Protein chains: 2
Amino acid sequence: MMAHKEPEEIKKGELDKYTLNLVSQTFKTLGDPTRIRILHLLFQKEYSVNTIAKVLDLQQSTVSHQLRLLKNLRLVKYRREGTTLYYSHDDEHVIDILKQAIDHASHH
Amino acid sequence: MMAHKEPEEIKKGELDKYTLNLVSQTFKTLGDPTRIRILHLLFQKEYSVNTIAKVLDLQQSTVSHQLRLLKNLRLVKYRREGTTLYYSHDDEHVIDILKQAIDHASHH
DNA sequence: TGTATATATTAGCATATGTTCATATAATAG
DNA sequence: CTATTATATGAACATATGCTAATATATACA
């Protein structure tokens with residue numbers, strides 16, 4: 001339950017900094033409608049940047065910016081084919097958590 | 001998987017607005033270190049506002065503000081005893097998701 | 001080389017967010 | 001009532017965030 005315990009200052013049962021940062025950053029990244037829509041689109045299969053933009057009615061720049069955030073957190077990866085980059089999800093666990101949340105929220 | 005489908009404009013497999021808002025708002029709320037620390041503290045049992053502030057080394061005002069956010073999203077509830085309010089978590093599913101994320105993140 | 005297409009990047013702006021300080025409210029004891 | 005304790009609230013501030021417009025980069029191809 002608690003790993004990476006450098007002998008720093010860890011209070012009774014408190015989360016260590018590393019875990020706290022990673023968890024909050026991950027949730028913060030999931031806490032935006034645009035990024036959720038992108039990840040939701042990538043549930044089934046990979047999509048190019050332009051296709052994502054068209055399907056979700058977003059600007060190419062917007063999609064690119066958000067994909068960079070998602071890529072920094074290793075939530076998506078990409079594959080190149082010519083000038084086209086095909087993005088797909090890259091963290092089964094986070095995707096699973098997102099699916100749970102969507103499922104929970106959509107049941108009213 | 002998709003409920004509350006008012007016959008509005010729902011594209012192929014896209015999330016409806018209600019679900020999208022609820023999910024993103026929930027994740028956004030979980031995306032802050034202070035709120036995670038508070039919720040993590042409430043994993044086991046209820047705590048008063050002042051106790052939370054002392055244990056987590058936060059100002060009373062900060063804790064109160066964040067608890068209000070959490071309460072608005074029904075993530076916590078409280079019980080009054082005199083002038084003291086004892087807060088506890090109020091959404092098993094979200095707590096479970098938070099636990100999963102912490103567990104996943106702490107395993108390095 | 002030059003052109004076309006796909007994507008990335010930078011800067012700017014408006015809005016959102018989290019904390020602090022000061023103050024207000026609520027409940028209890030005397 | 002007054003005083004005390006616990007909590008909530010409002011304003012102000014600094015910082016973070018997300019989008020857009022413009023531009024840059026990269027790959028492919030003639």
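The structure presented is a predicted model; accordingly, all values stated were derived computationally and were not measured. Proteins come first, then strands; the chains are lettered A, B, ... in the order of their sequence lines, and each starts at number 1.
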Phosphate OP1/OP2 of [N] contacted by [X] side-chain N/O (<4.0 Å):
| X | N | answer |
| --- | --- | --- |
| A/R68 | C/dT9 | yes |
| A/T62 | D/dG18 | no |
| B/R35 | C/dG18 | yes |
| B/N50 | D/dT5 | no |
| B/T83 | D/dA6 | no |
| A/Q59 | D/dC19 | no |
| B/Q66 | C/dT19 | yes |

Under 4.0 Å, counting only non-hydrogen atoms across every strand here, what does [X] touch: a base, just sugar-phosphate, or nothing?
| X | answer |
| --- | --- |
| B/T84 | sugar-phosphate |
| A/Y87 | sugar-phosphate |
| A/K71 | nothing |
| A/Y78 | nothing |

Nucleotide [N], atom [atom2] - distance to [atom1] of [X] in whole Å:
| X | N | atom1 | atom2 | answer |
| --- | --- | --- | --- | --- |
| B/K54 | D/dT5 | NZ | C1' | 10 Å |
| A/L56 | D/dG18 | CG | P | 16 Å |
| B/D32 | C/dA16 | CG | P | 17 Å |
| B/R80 | D/dA6 | CZ | C1' | 9 Å |
| A/L69 | D/dG18 | CG | C1' | 9 Å |
| B/I52 | D/dA8 | CD1 | P | 9 Å |
| B/L70 | C/dT17 | CG | P | 14 Å |
| A/L58 | D/dT20 | CG | P | 8 Å |

(request) Looking only at non-hydrogen atoms, find the nearest pair between A/V23 and B/A105 and report the distance. (result)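 Scanning both residues, the minimum pair turns out to be CG2-CB, 3.5 Å.
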(message) If you compare all heavy atoms of B/V76 against all heavy atoms of B/D90, which two are closest, and at what distance to 0.1 Å?
(response)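 Shortest heavy-atom separation between B/V76 and B/D90 comes out as C-CB, 3.6 Å.
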(request) Check if the side chain of A/H65 and the base of C/dT10 share a donor-acceptor pair of N or O atoms closer than 3.5 Å. (result)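 Indeed there is one.
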(request) Answer with yes or no whether A/Q60 presents, from its side chain, a donor or acceptor under 3.5 Å of a partner atom in the base of C/dA6. (result)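 Per atom types, no contact qualifies.
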(message) Is there a side-chain contact between A/H65 and A/T34 in this structure, where contact means two heavy atoms from C-beta onward sitting under 4.5 Å apart?
(response)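 Side-chain contact under 4.5 Å: no.
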(message) Can you work out whether A/K28 or A/S61 has the more 5'-proximal nearest nucleotide on DNA chain D?
(response)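 It is A/K28 whose nearest nucleotide is closer to the 5' end.
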(message) Heavy atoms from C-beta onward define the side chain here; which of D/dA8, C/dT7, D/dC19 lies closest to that of A/S48?
(response)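 Side chain of A/S48 sits closest to C/dT7.
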(message) My understanding is that only one of A/R35, A/R37, A/K71 makes a side chain to side chain donor-acceptor pair (under 3.5 Å) with A/Q66; could you say which?
(response)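 Going through the options one by one, the only one that passes is A/R35.
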(request) Anything under 30° is parallel, anything over 60° is perpendicular, the rest tilted; go ahead and classify B/Y87 against B/Y78. (result)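 The rings of B/Y87 and B/Y78 sit tilted, inter-plane angle from 30° to 60°.
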(request) Check step by step if side chain to side chain contact (heavy atoms under 4.5 Å, CB included) holds for A/L98 and B/F27. (result) CA-CA 9 Å; A/L98 177 57; B/F27 280 132; 3.6 Å; yes
